[in-house]
Protein chains: 2
Amino acid sequence: MQRPSLRIAASQMTDAQRELEPLTPKTLVDQAVEAIIQAAATGVFLPGDRVIEAEVARRLNVSRVPIREALRLLESQGILVNVPYRGMRLMEVDAGRLRKILEVRLALETFAAFKLQEMCKTDPATIAPLDRICADLVAAAKRGDTYGIATLDTKFHRTLCTLTGNEVLVATWEPLSSQLTIIFGLATLQIDMESIAREHSDLADLIRSGRRSALEANLRLHILDSPQSIDFDALIERRKASAGRKKR
Amino acid sequence: MQRPSLRIAASQMTDAQRELEPLTPKTLVDQAVEAIIQAAATGVFLPGDRVIEAEVARRLNVSRVPIREALRLLESQGILVNVPYRGMRLMEVDAGRLRKILEVRLALETFAAFKLQEMCKTDPATIAPLDRICADLVAAAKRGDTYGIATLDTKFHRTLCTLTGNEVLVATWEPLSSQLTIIFGLATLQIDMESIAREHSDLADLIRSGRRSALEANLRLHILDSPQSIDFDALIERRKASAGRKKR
DNA sequence: GCCGCGCTTATCGTATACAATACTCTATCT
DNA sequence: AGATAGAGTATTGTATACGATAAGCGCGGC
């Protein structure tokens, strides 16, 4: 699960250190985890749905064992809820839970942003990667690439954590990110892409500026309030309706 | 993993809501998780040690399957590190990693403490459970109960998170706590029990007082600095030496 | 003597088979 | 008619068996 972050670190190596990547083998468990998250994000599974081992196994053409391990992993990330002998369900989400997730995420990223602010004082180049992502974000907004926007948005915030050099922070942040991915799914199209790009640039500038309380306030606004503006409950209802399933 | 928190919530129910607990069955996976954490905390496994499925399975008298799932769970909590086809190892710890864990924990608990401060303004009874724990802590210190101190210490901080009503926060906090349990193991005897009890009472008072920056500073001191004072690297070396194993 | 090659063994990854538990539906009793 | 007990089915939990991969060791070539 922390492997993606390692890959990011690798892509940031200087030429002197550049080597062939270690390329760790992907086991079925890893693939299953990805597949399940993706399925949840694209609405194949809906919040509250049961996730049946045998069914997943059959659809992915593997046995139940690796699936079980993948499900356990997702359980401990809060994405699935397990009751012994009664099976796994995708997490139930409502506006309240969304807010709780966002609040925790805010706490983590505020810490990260403050830390980066400190690091910038000695070396302003620290946050160069954030600027790069902001540039990509602007480009994606220009060409109306909603998928790109969503990906880069997540990447920005992950990088925010990564740059602190605290792997524990990244590892702690990751499950929250996964949960949000699943909750929002493809809902990103609802929002104004230009403003997304601008908000991130502002954040990067504020980190650079060294103004602590302004950064804090802005981050709070960016994380907590922006997503709240979309009509969440309606979104959930719409997704449920579009699938039109009853197997609860 | 979040089941303990549920149990806590149950013990705080008012009489009106009090019912028989749902009593969920304990599968071998759950038991295995507990056993492994305990083993790690008591020094049966040392940081960096390999944790071999078959061996654990044999010693717990179960097959490998439930063990594998338990190990996956612990992996995603950062307690174990897995490299495909090469097995699991207990996390490697040094002073740097300890600090990283503590920093993230501080970020989470600061958020929790601030939130409780807000909640106290409308209902001061909110943090009554913390006061109770503080009382127990004093009692434990009086009778020199080191194990009780350690347990109550953890319980205080978990309750700090629980009282915010944000389950996501608790779930995010829990893995950090487990990691710290393993790192410190039985090292609690090194420290002054009276001062531990006092520090927690001070924190509770500060939450009640509503003084924001004083609370922040005190929490930082309590979480970050106090544990740093013990000679960490020496502790690790001592534990490794006392086991005298070489199987790395 | 040292380096590289292939074999052996330990261990992990996956599949299959069986046991335990919970849900569902029907038949029966009151 | 309603409730209830029971059988049958679906699904999860666990055990065993087999295949895949990597570390360790001895052999032969240079």
Side-chain angles (χ1 to χ4, degrees), chain A residues 1-3 20-36 39 44-46 48-76 79-91 245-248, chain B residues 1 3 20-36 39 44-46 48-76 79-92 245-248:
Chain A
M1 259 290 101
Q2 30 273 70
R3 234 162 279 149
L20 282 172
E21 269 190 56
L23 87 88
T24 84
K26 268 202 183 179
T27 67
L28 292 187
V29 178
D30 296 322
Q31 298 179 22
V33 169
E34 275 182 43
I36 294 167
V44 178
F45 297 126
L46 295 171
D49 269 3
R50 283 198 59 185
V51 179
I52 295 160
E53 287 176 22
E55 194 182 316
V56 178
R58 192 165 34 75
R59 295 216 285 203
L60 295 181
N61 270 314
V62 291
S63 85
R64 279 172 49 214
V65 178
I67 299 299
R68 283 179 65 83
E69 290 176 26
L71 295 181
R72 281 272 187 239
L73 206 147
L74 294 170
E75 179 198 3
S76 89
I79 290 166
L80 296 174
V81 182
N82 181 38
V83 183
Y85 293 101
R86 284 207 256 172
M88 299 268 189
R89 289 178 172 283
L90 202 55
M91 62 176 170
R245 282 172 283 181
K246 286 287 156 9
K247 52 168 178 179
R248 316 322 297 289
Chain B
M1 260 292 100
R3 233 162 280 149
L20 283 172
E21 271 190 53
L23 85 91
T24 85
K26 266 201 183 182
T27 67
L28 293 186
V29 178
D30 296 322
Q31 300 180 29
V33 168
E34 276 181 42
I36 294 167
V44 177
F45 297 127
L46 295 171
D49 268 4
R50 283 197 60 185
V51 179
I52 296 160
E53 287 176 21
E55 194 182 316
V56 178
R58 192 163 36 76
R59 296 216 287 204
L60 295 181
N61 270 315
V62 292
S63 83
R64 281 173 46 214
V65 178
I67 299 300
R68 283 181 65 83
E69 290 175 26
L71 296 181
R72 279 273 187 242
L73 207 148
L74 294 170
E75 179 198 4
S76 88
I79 291 166
L80 296 175
V81 182
N82 180 38
V83 182
Y85 293 101
R86 283 204 257 174
M88 299 267 190
R89 305 181 93 88
L90 200 56
M91 62 176 168
E92 202 65 80
R245 281 174 283 181
K246 286 287 159 5
K247 52 167 178 179
R248 321 318 304 289

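- Between B:Glu55 and B:Arg58, none of the side-chain N atoms (NZ, or NE/NH1/NH2) sits under 4.0 Å from a carboxylate O, so this pair counts as no salt bridge.
- When DNA chain C is scanned in the 5' to 3' direction for atoms under 4.0 Å from non-hydrogen atoms of chain A, the outermost contacting nucleotides are C:dT14 to C:dC23.
- The side-chain contact (heavy atoms from CB on, under 4.5 Å) test applied to B:Ala57 returns B:Arg64, B:Ile67, not counting sequence neighbours.
- Contact record, B:Thr27 with A:Pro84: CG2-CB, 3.8 Å, taken as the closest heavy-atom pair.
- The nearest pair of heavy atoms linking A:Met91 to A:Val81 is CA-CG2, 4.4 Å.
- Partners of B:Arg86 by salt bridge (Lys or Arg N to Asp or Glu O under 4.0 Å), not counting sequence neighbours: none found.
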### Task
Take nucleotides 7-23 of chain D nucleotide by nucleotide from the 5' end and write B, S or -, depending on whether a protein heavy atom sits under 4.0 Å from the base, only from the sugar-phosphate, or from neither.
----SBBBBB----SSS
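- Remark: B:Leu28 engages B:Gln31, B:Val62, B:Pro66 in a side-chain contact (heavy atoms from CB on, under 4.5 Å) (not counting sequence neighbours).
- Looking at B:Leu80 and B:Phe45, their side chains never come closer than 4.5 Å, going by heavy atoms from C-beta outward.
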